Peer 1: 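Got a structure for you, questions after.
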Amino acid sequence: MSENKSAVTSLVVDTEASTVAGKKPASRSGGKKSGSQNRRKSRELVLKAVYRGMLNDSELSQVFRDMRDDPDYNKADEAYFKHLLQAVTENLAAIDGKIVSFIDRAIDELSPVEHAILRIAGCELMFDLTIPYRVIINEGVELAKVFGGTDGHKYINGVLDRFAADVREAEVKAARS
């Protein structure tokens with residue numbers, strides 16, 4: 001894990017690309033709610049952005065601008081999308097360092113989609129204790145069902161289950177007892 005081991009307690013991000021703010025940004029659609037469907041769309045967009053970043057390097061600000069052209073952008077929780085993409089990007093080394101502990105092959109042998117899903121879910125598990133670990137695992141599995149290979153969701157489930165047991169030990173033990 002990185003030197004800063006504190007968990008994120010607020011997922012509010014300024015409307016500019018990467019400035020964390022203390023208040024909710026004004027939504028482009030008036031009063032957009034940040035329900036689970038909006039967060040799911042946000043995770044899908046982050047998946048697309050992380051995948052793209054794995055294939056070719058781009059500045060984070062450019063990725064934010066490009067993702068606004070995605071048809072799902074208006075359905076997503078914009079603040080959460082920005083926060084999560086920034087968090088994954090800033091913590092790639094720490095996240096990948098944890099992922100290698102739970103996979104059965106070299107990290108560069110993972111499919112890029114599965115690797116991106118593990119990075120996103122790993123980031124949420126490591127740095128955002130406000131989201132229950134079961135929700136994070138479920139969201140990772142759902143992303144793998146939609147975007148991954150035939151049985152990729154099973155692999156993602158197994159890896160994230162071990163990942164969660166390591167970084168959220170007390171929460172996992174409490175849920176299993």
Side-chain angles (χ1 to χ4, degrees), residues 7-21 23-56 58-92 95 99 110-157 159-161 163-164 168:
V8 174
T9 57
S10 174
L11 298 176
V12 178
V13 178
D14 192 346
T15 55
E16 294 306 311
S18 63
T19 307
V20 177
K23 59 182 180 174
K24 287 193 176 195
S27 163
R28 287 183 282 71
S29 62
K32 189 187 321 183
K33 294 181 182 177
S34 58
S36 62
Q37 185 62 29
N38 291 339
R39 285 217 173 163
R40 179 163 290 168
K41 287 295 180 190
S42 298
R43 287 181 183 97
E44 289 177 11
L45 289 173
V46 172
L47 174 61
K48 293 174 186 179
V50 170
Y51 177 82
R52 180 180 141 197
M54 292 169 71
L55 298 180
N56 55 19
S58 298
E59 290 292 319
L60 190 57
S61 59
Q62 183 61 44
V63 172
F64 285 130
R65 285 191 298 273
D66 291 347
M67 293 312 293
R68 287 185 179 176
D69 294 334
D70 190 288
D72 287 334
Y73 189 82
N74 289 328
K75 299 174 190 170
D77 177 340
E78 180 180 32
Y80 191 73
F81 161 73
K82 289 178 177 183
H83 165 76
L84 184 56
L85 181 57
Q86 179 182 353
V88 170
T89 303
E90 290 176 354
N91 296 291
L92 280 180
I95 297 164
I99 289 171
L110 288 173
S111 91
V113 170
E114 289 173 354
H115 190 179
I117 292 168
L118 290 173
R119 282 178 163 175
I120 295 163
C123 180
E124 289 180 315
L125 284 168
M126 292 172 70
F127 302 110
D128 191 347
L129 300 179
T130 64
I131 305 172
Y133 83 94
R134 288 181 173 167
V135 171
I136 296 168
I137 292 173
N138 183 59
E139 290 295 316
V141 168
E142 291 302 316
L143 286 172
K145 285 179 179 178
V146 173
F147 296 100
T150 304
D151 286 329
H153 66 282
K154 294 175 185 175
Y155 185 74
I156 294 294
N157 187 55
V159 172
L160 290 179
D161 191 51
F163 199 127
R168 302 259 190 113

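As the structure is a computational prediction, the values presented were derived from the model and not from experiment.
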Peer 1: Can you find a pair of side-chain heavy atoms, one from Leu143 and one from Arg43, that are under 4.5 Å apart?
Peer 2: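 Yes, close enough: below the 4.5 Å cut-off.
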Peer 1: With rounding to the nearest 0.5 angstrom, report the OH to CD1 distance, Tyr155 to Ile117.
Peer 2: 12.0 Å
Peer 1: Let me confirm one number: the CG-CD1 distance from Leu160 to Ile137, rounded to the nearest 0.5 Å.
Peer 2: 6.0 Å
Peer 1: Compare every heavy atom of Pro132 with every heavy atom of Thr130, then report the nearest pair and how far apart it is.
Peer 2: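 That closest heavy-atom pairing would be O-CD, 3.7 Å.
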Peer 1: Tell me yes or no: between the side chains of Glu124 and Tyr133, is some donor less than 3.5 Å from an acceptor?
Peer 2: no
Peer 1: How close do Val50 and Ala116 get, heavy atom to heavy atom, and via which atoms?
Peer 2: CG1-CB, 3.7 Å
Peer 1: Return the CD1 to CD distance between Ile131 and Glu139, rounded to the nearest 0.5 Å.
Peer 2: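 The distance works out to 9.0 Å.
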Peer 1: Measure across Val141 and Ile156 and return the closest heavy-atom pair with its distance rounded to 0.1 Å.
Peer 2: N-CG2, 4.1 Å
Peer 1: Measure across Ala76 and Ser42 and return the closest heavy-atom pair with its distance rounded to 0.1 Å.
Peer 2: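 Minimum heavy-atom separation between Ala76 and Ser42: CB-OG, 3.6 Å.
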Peer 1: Taking all non-hydrogen atoms of both residues, which atom of Leu129 and which atom of Leu125 are closest, and how far apart?
Peer 2: CD2-O, 4.1 Å
Peer 1: Working to the nearest 0.5 Å, report the span between NZ of Lys145 and CG of Asp151.
Peer 2: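 The distance works out to 11.0 Å.
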Peer 1: Given side chain to side chain contact (heavy atoms under 4.5 Å, CB included), test Val46 with Met67 step by step and report yes or no.
Peer 2: CA-CA 9 Å; Val46 172; Met67 293 312 293; over 6 Å; no
Peer 1: Report the distance from atom OH of Tyr73 to atom CD of Glu78, rounding to the nearest 0.5 Å.
Peer 2: 3.0 Å
Peer 1: How far apart are the closest heavy atoms of Leu84 and Cys123, and which atoms are they?
Peer 2: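 The answer is CD1-SG, 4.4 Å.
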Peer 1: Mark yes or no for whether Arg39, through its side chain, and Tyr80, through its backbone, hold a donor-acceptor pair below 3.5 Å.
Peer 2: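 Not at all, since once roles are kept as given, no pair shorter than 3.5 Å links the two residues.
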Peer 1: Please report the interatomic distance CZ(Arg68) to CZ(Arg65), rounded to the nearest 0.5 Å.
Peer 2: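 Between Arg68 CZ and Arg65 CZ, I get 9.0 Å after rounding to 0.5 Å.
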Peer 1: The criterion is side-chain contact (heavy atoms from CB on, under 4.5 Å); which residues satisfy it with Asp72, sequence neighbours excluded?
Peer 2: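 Checked Asp72 against side-chain contact (heavy atoms from CB on, under 4.5 Å); matches are Lys41, Glu44, Leu45, Lys48, Asp70, Lys75.
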Peer 1: When you look at CZ of Phe147, are more than 12 heavy atoms from neighbouring residues, nucleotides or ligands closer to it than 6.0 Å?
Peer 2: yes
